[in-house]
Amino acid sequence: MKLYNTLTRRKEDFAPLGSEVTLYACGPTVYNYAHIGNLRTYIFEDLLVRTLRLKYKVKHVMNITDVGHLTSDADAGEDKMELGAAREGKSAWDIAKFYETAFFKDFDSLNCTRPTVISRATEHIKEMIALVKTLEEKGYTYKTSDGIYYDTSKFPAYHTLVGKSHIEGLKSGARVEFNDEKKNPSDFALWKFSPADHKRQMEWDSPWGVGFPGWHIECSAMAMKYLGPTVDIHCGGVDHVAVHHTNEIAQSEAATGKPYVRYWVHGEFLVLHSGKMSKSAGTFLTVGELVKQGYSPLDYRYLCLGAHYRTQLEFTFESLDFARASLKNLKEKVAVLKKDVGNLPLGACPECKEKFFDAVEDDLNISKALALVWEVFKTPFSAGSKLAFIQFADSVLGLDLLKEDIKEEAVLPVEVTLLLKHREIARRNKDFKLSDEYRDKIAALGYTVKDTPDGQKAAKK
RNA sequence: GGUGCGGUGGCCAAGUGGUAAGGCGGCAGUCUGCAAAACUGCUAUUCGCGGGUUCGAUUCCCGCCCGCACCUCCA
């Protein structure tokens, strides 16, 4: 398949190095609920994994950042995990556990397939210390009053992911806050010392004293532990390109002397009219909020499927409404198809499958693939063949297209049932004025009425 | 200030050196007492603006305008 590689800024042919694809995806920091912008990235990664699985075995590792990191690299930063704990009157450990559970609830509801390995940062402190030690032995580190730092000037290829001009811009960068003890603006902490004046909830012994790992070291340590020194694909959000992933490369390649990642694949942001969605800014939308407003998590998944993963997607409730309407229509079409299939033999038309392959394998052109699903209804193939194709397509799209929605007919309120009976009588007497009045009354209660060959059908609006 | 991405019909959004997928919405028809649903058909002579290359550009090049993101924790 073809994938856009941030490293080369080109679409490239992808094939795994070994017998299975090794894929690492940056996971959530569990100090608050994930918002739908975060989740867009996991949906994109899920689509990538599902597409890869059409051809390969995939070992998918995702980390859980349950260690608090500083909100900035400067001394003044606060720890997000401990902030969350203070906010909710719980321990940092409880906070991490709570939001990890909440994260996977959302993750599952969006039909994202669980990674092969889920690795918590707090369970890999030993590996991180070992990696920092290796870097220290190789002379890449130096000590300041608050921690052990990585000297980026010792790693000549530091700029490969982001471009040299960017790093140079950073040097003159007007907005970068300088830490006096840092040798270069791009240097970053590998290990931070606990403050002398108070005890942190999360801290560990290390060869350099009690403290906690820097933000970037966990991904390098865990990716290499589970996937080896060279990983096929590493994903994450575009915001990670310039700092986090650049630093991961520096740490990992300095330690092993081998290429760290072959394909860097980054997902673009979901944006709001007012700008991007931000956890730290406070206001953000969660899946729970969407559900509260009457949307299904899969309505949101459908919305994400409409746009390419490398383009920004603007979120509005209007577009979510469109997505919901589209998904509903699509599922209804599939339901009709299912009725028609009967005992006809199944077998997806090879032509449709091939087109679908071509779309998803072209750097994940999911919206094109989705269009093919709509188009299959217009083809002359048998219902069974169409349905088989849709089933195949849904193994990548993950929209539960063949799953029946739970019908609400059984739980009609008594008033509605009564009004329906009255309306039926009025219609039989051809008193349409009266029957329309009953329909209005039913509508006022929040229900719609359809007249079908099997009689009246009422459903919640 | 530096870096990167993008501007396609009413809306969302694919795409390509040879004349614009798909969805939503809208309109019309069939059906219906009327609706709804369903089905059928129609719905951008045109791809931010101005140049250039070319037989031909929305697609390649240059300039401009506009939007967004990153450079600070961030998916």
Side-chain angles (χ1 to χ4, degrees), chain A residues 6 9 25-29 31 34-45 65 68-74 77-80 83 162-177 185-186 215 235-244 266-273 275-281 284 302-303 305-308 310-316 318-330 332-333 336 359 362 365-375 377-378 427 430-433 435-436 439 443 448-453 456-457 459:
Chain A
T6 309
R9 300 194 181 275
C26 284
T29 303
Y31 70 102
H35 59 64
I36 58 172
N38 297 321
L39 265 355
R40 184 191 177 194
T41 301
Y42 300 107
I43 291 171
F44 136 64
E45 287 163 357
T65 301
H69 294 295
L70 303 183
T71 51
S72 92
D73 252 353
E78 288 176 283
D79 182 296
K80 284 191 285 197
L83 266 181
V162 75
K164 204 168 184 170
S165 51
H166 177 90
I167 299 296
E168 273 156 12
L170 197 99
K171 276 181 192 159
S172 59
R175 293 177 60 196
V176 175
E177 220 172 283
S186 52
W215 172 43
C235 326
V238 277
D239 55 318
H240 282 330
V241 175
V243 180
H244 183 52
H266 292 100
E268 253 297 349
F269 273 132
L270 181 79
V271 297
L272 296 175
H273 209 56
K276 69 170 176 172
M277 211 171 271
S278 160
K279 260 198 225 185
S280 48
F284 56 85
Y302 190 98
L303 175 67
L305 262 47
H308 188 84
R310 277 191 290 114
T311 62
Q312 289 173 5
L313 174 63
E314 186 176 322
F315 178 85
T316 61
E318 203 189 0
S319 57
L320 188 60
D321 287 339
F322 294 158
R324 175 167 59 180
S326 302
L327 182 57
K328 187 171 161 267
N329 289 168
L330 189 54
E332 276 167 10
K333 274 173 170 287
V336 170
D362 181 15
N365 196 335
I366 297 294
S367 42
K368 194 173 183 180
L370 190 55
L372 290 170
V373 175
W374 284 96
E375 279 169 25
F377 292 102
K378 296 175 189 164
R427 291 189 77 226
K430 303 225 182 264
D431 187 348
F432 297 119
K433 205 184 156 211
S435 85
D436 286 351
R439 184 163 60 195
T448 56
V449 188
K450 286 188 213 174
D451 296 315
T452 72
Q456 301 180 97
K457 289 229 167 108

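Given the structure is predicted, the values throughout are model-derived calculations rather than measurements. So you know, we letter chains A, B, ... as the sequences are listed, proteins then strands, and number each from 1.
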**Message:** On the side chain of A:Asp239, is there an atom forming a donor-acceptor pair with the base of B:C71 - under 3.5 Å, no angle test?
**Reply:** no
**Message:** What is the separation between atom CD on A:Glu314 and atom C1' on B:G67, rounded to the nearest whole Å?
**Reply:** 10 Å
**Prompt:** In terms of side-chain heavy atoms of A:Asn365, which of B:G33, B:G22, B:G15 is nearest?
**Reply:** B:G15
**Prompt:** For the side chain of A:Arg439, counting heavy atoms from C-beta on, which of B:C70, B:A75, B:A35 is nearest?
**Reply:** B:A35
**Request:** Remember a base hit wins even if backbone is also touched, and classify A:Ser367 as base, sugar-phosphate or nothing at under 4.0 Å, heavy atoms.
**Result:** base
**Asked** If the P atom of B:C47 is compared with that of B:C42, how far apart are they to the nearest Å?
**Response** 23 Å
**Request:** Among the candidates B:G33, B:A13, B:G22, find the nucleotide nearest to the side-chain atoms of A:Glu375.
**Result:** B:G22
**Request:** Among the candidates B:C34, B:C39, B:C70, find the nucleotide nearest to the side-chain atoms of A:Arg427.
**Result:** B:C34
**Item:** Atom pair distance, as rounded to whole Å: CG in A:Asp451 and P in B:U32
**Value:** 12 Å
**Message:** Please classify the nucleic acid contact of A:Lys333 as base, sugar-phosphate, or nothing, using heavy-atom distances under 4.0 Å.
**Reply:** sugar-phosphate
**Message:** Counting the atoms with a prime plus P, OP1 and OP2 as sugar-phosphate, which does A:Val336 contact under 4.0 Å by heavy atoms, base, sugar-phosphate, or nothing?
**Reply:** nothing
**Request:** Considering only atom C1', compute the distance from B:C11 to B:A44 and round it to an integer number of Å.
**Result:** 14 Å
**Donor-acceptor contact present, side-chain A:Ser319 to main-chain A:Phe315, <3.5 Å** = no
**Prompt:** Contact class for A:Lys430 vs. all strands (heavy atom < 4.0 Å): base, sugar-phosphate, or nothing?
**Reply:** nothing
**Asked** Does a salt bridge link A:Arg324 with A:Asp321, judged by any charged N lying under 4.0 Å from a carboxylate O?
**Response** yes
**Asked** What's the closest nucleotide to the A:Phe269 side chain, out of B:C70, B:G33, B:A21?
**Response** B:C70
**Asked** Which comes earlier along RNA chain B counting from the 5' end, the contact point of A:Val243 or that of A:Lys433, where each point is its nearest nucleotide?
**Response** A:Lys433
**Message:** Any base atoms under 4.0 Å from A:His240, or only sugar-phosphate, or nothing? Heavy atoms, all strands.
**Reply:** sugar-phosphate
**Request:** State which of B:A75, B:A14, B:A35 makes the closest approach to the side chain of A:Thr311.
**Result:** B:A14
**Message:** Given B:A14, B:C24, B:A75, identify the nucleotide with an atom nearest to the side chain of A:Ser326.
**Reply:** B:C24
**Prompt:** Which is true for A:Gly267 with a 4.0 Å heavy-atom rule: it touches a base, it touches only sugar-phosphate, or it touches nothing?
**Reply:** nothing
**Asked** Do A:Phe44 and A:Ile366 have side chains that get closer than 4.5 Å, going by heavy atoms?
**Response** no
**Prompt:** Where the side chain of A:Glu332 is defined as all heavy atoms beyond and including C-beta, which of B:A38, B:C34, B:A75 is the nearest nucleotide?
**Reply:** B:A38
**Asked** Where the side chain of A:Arg40 meets the backbone of A:Phe269, is there a donor-acceptor pair that is under 3.5 Å apart?
**Response** yes
**Asked** Do A:Gln456 and A:Val449 touch side chain to side chain, with heavy atoms closer than 4.5 Å?
**Response** yes
**Prompt:** NA contact type, A:Leu330, heavy-atom cut-off 4.0 Å: base, sugar-phosphate, or nothing?
**Reply:** nothing
**Any donor-acceptor pair under 3.5 Å from A:His35 side chain to A:Asn38 backbone** = yes
**Prompt:** Looking only at atom P, what distance separates B:G48 and B:A14, rounded to whole Å?
**Reply:** 14 Å
**Request:** Starting from the C-alpha separation in whole Å, work towards a yes-or-no answer on side chain to side chain contact (heavy atoms under 4.5 Å, CB included) for A:His244 and A:Cys26.
**Result:** CA-CA 10 Å; A:His244 183 52; A:Cys26 284; 3.7 Å; yes
**Message:** Under 3.5 Å for both pairing distances: what stems, at least three Watson-Crick or G-U pairs long, include RNA chain B?
**Reply:** B:1-7 with B:65-71, B:10-12 with B:22-24, B:25-30 with B:38-43, B:48-52 with B:60-64
**Asked** At under 4.0 Å between heavy atoms, what does A:Asn329 touch on the DNA or RNA strands: base, sugar-phosphate, or nothing?
**Response** sugar-phosphate
**Prompt:** If you check every side-chain atom of A:Ala371, which of B:G23, B:G33, B:A21 has the closest atom?
**Reply:** B:A21
**Asked** Base, sugar-phosphate, or nothing for A:His308, non-hydrogen atoms under 4.0 angstrom?
**Response** sugar-phosphate
**Item:** Lys/Arg N to Asp/Glu carboxylate O, A:Asp451 vs A:Arg427, below 4.0 Å
**Value:** yes
**Request:** Indicate whether A:Phe432 forms a stack on B:G33; treat it as stacked only if centroid distance is below 5.5 angstrom and interplanar angle below 30 degrees.
**Result:** yes
**Fill in**
Closest to the side chain of A:Lys450, out of B:C70, B:A37, B:C24, is B:A37
**Prompt:** Can any side-chain N or O of A:Asp362 pair as donor or acceptor with the backbone N or O of A:Asn365 at less than 3.5 Å?
**Reply:** no
